[in-house]
Amino acid sequence: MNAISHDVSKPVIAAGSDGSRLAALNAWVAEVAALTKPDAIHWCDGSDAENAKLIAQMERDGTLVKLNQQTHPGSYLHRSHPDDVARVEHLTFVCTTNQDDAGPNNHWMSPADGHDKMDALFDGCMKGRTMYVIPYCMGPIESPLSRCGVEITDSPYVVANMRIMTRMGAPALARIERESKFVRGLHSIGELDPERRFIMHFPEELTIKSFGSGYGGNALLGKKCHALRIASHQARSEGWLAEHMLILGLENPQGETHYIAAAFPSACGKTNLAMLIPPEGYRAQGWKVWTVGDDICWMRPGADGRLYAINPEAGFFGVAPGTSDKSNPNALASIQMNTIFTNVGVTADNQPWWEGLDNGQQPVTDWRGNAFDAAKGPAAHPNSRFTVSAKQCPTYSPEAENPAGVPISAIVFGGRRPSLVPLVFEARDWTHGVLVGAAMGSETTAAATGAVGVMRRDPMAMKPFCGYNFADYFNHWLSFDKAGAKLPKIFHVNWFRKGDDGSFLWPGFGENLRVLEWMIQRVKGEAGSVETPIGHLPADGELNLEGVALGEEGRAKLFGFDRAGWQAEFASIGEYLDEYGPRMPQALKDEQQRIAKALQD
Ligand code: OXD
Ligand code: MN
């Protein structure tokens, strides 16, 4: 490995370069080294040889455990500190000069206080450790929609994960050298002490400082910190959108592919939807789903007025529990090799295991490394994860590497709503669609620390990720509706509606294709709908339910419209918009009031 002790005068992998366009990067690396005082500095080139050395080192020190190499070649298990298993929203800050720019949706600290707090934590924190410098690109290297960053970390586990999740190493550094603009992310696992853990963002400086956690969403800085919080801020000033959305291509039997971007809160099935396998009858007709991305979508208007999207990530950091050959065969196929599993259980023959895997095997060791005892909790942590290259997904779309991105025909919003919200409805127009996104609600999940199953507003699934005031963010969304724009239709779905006995009414998974089919028919003007104050619901018989066993309660609740329930919901949406004060766009308040009034009539 090419470790150079405190020699930061030139990056070892930018051979042949005079380094002048990397002066800012070199100066920052030197400044960080002076603060954190590592024993060595390693510039990551992203090569196989580098990865092999890091893996071997992590095996030696116990950071990684080799899994069964016959069944899962190239795969490893990482057991995190038991207090470091999820995102920490209460410790995540957006540091803007004016507090109002961060908005009531973010925890705020002034940039000066934020830097002071973090620099005190970083002071000397890498003594005895190697500091890794990771140049990375979010999105295809050649895409004008992509943006670069550099993460400095003292965690080889972070390096190995960033190599899977981003285009990392020499090609990214070459782009940074061309552009000389990059997001700066400084990370240290510190002592993994929850009392000394903060994830701070300085969007005005395109800077991230994260201390005290090794967990994906807190530590792989390309993901939530850069690709959502910093990027959303950058996107606002540059006229694009950085969203918490999967991207899929839906190919019909005629060979025509429509791309759909869908926002769901964390751990609400984005990976499953992005990798959906159509039901038997649809497959026989030639329907296919192509996976472009499962978590993040960057999109901007193209010359033809349509929105074009890229997946800025190169891999999947998916939730393991519940992933099975039935729920998501594509995900399961993707993670048979070259996968890093974090906090799953292990079987007697050293295979990864989690609740819902349903492969007839049993765990003997739980995620903490203890003998499994069902009385003491699940074998896999509910937020246990797999990290794997998107290229291993059997349905990975060749268009995912297209520098121009894919044209989006439909945008979908959805959350976990056990009551009130029907299976699908369509917004009347863009402004209504923005309100539908802004009003999104969902039950919390294990992806963040705190109570699970608590209903909260999670606008556009961006509550934990929007790097600025939601009122300004909604305004930015509204601004896309201008002359010449050919915007996607907007829909809302709810796969999680429950019956009186508490069971899910909709079968979900592959059957969700029926809903996507209706959406694309609507886009093409080929399917009928019933207009209600909340939007267009599928007209009777227009959404194909052939072969789906739905009782009377299912039909009524999934396709019905409960006026009294929606009146209460719209009153609550009005109160929510008011929390943002005068910054909330009037157009959105007018839309809420128009619908609230229609619900009274
Ligand atoms: C994720 C999340 O890891 O949303 O994607 O928490
Ligand atoms: Mn996510």
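Order of appearance sets the numbers: ligands from 1, and atoms from 1 within every ligand. All residue numbers in this chain count up from 1 along the given sequence. Values below: all heavy atoms of this structure, side chains included; hydrogens, waters and symmetry mates excluded.
- For ligand 1, the atoms sitting less than 4.0 Å from at least one non-hydrogen atom of D295 are 5 (O), numbered in the order shown with element in parentheses.
- Within H244, the N/O/S atom positioned nearest the Mn ion (ligand 2) carries the name NE2.
- Less than 4.0 angstrom separates some heavy atom of F465 from each of these atoms of ligand 1: 4 (O).
- Listed by number with element, the atoms of ligand 1 under 4.0 angstrom from any heavy atom of K223 are 3 (O), 5 (O).
- Residue, atom and distance of the protein heavy atom nearest to atom 6 (O) of ligand 1 are R87 NE, 2.8 Å.
- Aromatic ring orientation, F316 versus Y396: perpendicular (interplanar angle above 60°, classes split at 30° and 60°).
- In summary, the atoms of ligand 1 found under 4.0 Å from a heavy atom of R385, numbered by their order in the structure, are 1 (C), 3 (O), 6 (O).
- Between K224 and ligand 1 there is a heavy-atom distance shorter than 4.0 Å.
- Checked against the 6.0 Å centroid criterion, the rings of Y76 and H72 do not qualify as a close aromatic pair.
- Within ligand 1, the atoms closer than 4.0 Å to a non-hydrogen atom of S266 are 2 (C), 4 (O), 6 (O), numbered from 1 in the order shown.
- A side-chain N or O of N383 and one of R385 form a donor-acceptor pair less than 3.5 Å apart.
- When non-hydrogen atoms are compared, ligand 1 lies under 4.0 Å from neither the backbone nor the side chain of F264.
- A donor and an acceptor atom, one from each side chain of T96 and D101, are nowhere located under 3.5 Å apart.
- A160 and I340 make their closest contact through CB-CD1, 3.9 Å (heavy atoms, listed as atom of the first residue, atom of the second, distance).
- If you look at D295 and ask which of its N, O or S atoms sits nearest the Mn ion (ligand 2), the answer is OD1.
- Close contacts of ligand 1 with A447, meaning ligand atoms under 4.0 Å from a residue heavy atom, involve 6 (O).
- At a threshold of 2.8 Å, the Mn ion (ligand 2) has a backbone or side-chain N, O or S atom of K224 nearer than that distance.
- Taking every heavy atom of H244 and a limit of under 4.0 angstrom, the matching atoms of ligand 1 come to 4 (O).
- Centroid-to-centroid, the aromatic rings of W367 and W354 stay 6.0 Å apart or farther.
- The two residues G293 and N311 make their nearest non-hydrogen contact at CA-ND2, 3.3 Å.
- Between F264 and F496, the distance separating the two ring centers is not shorter than 6.0 angstrom.
- H187 and K209 are not linked by any side-chain donor-acceptor pair at a separation below 3.5 angstrom, with hydrogens and angles left out of the test.
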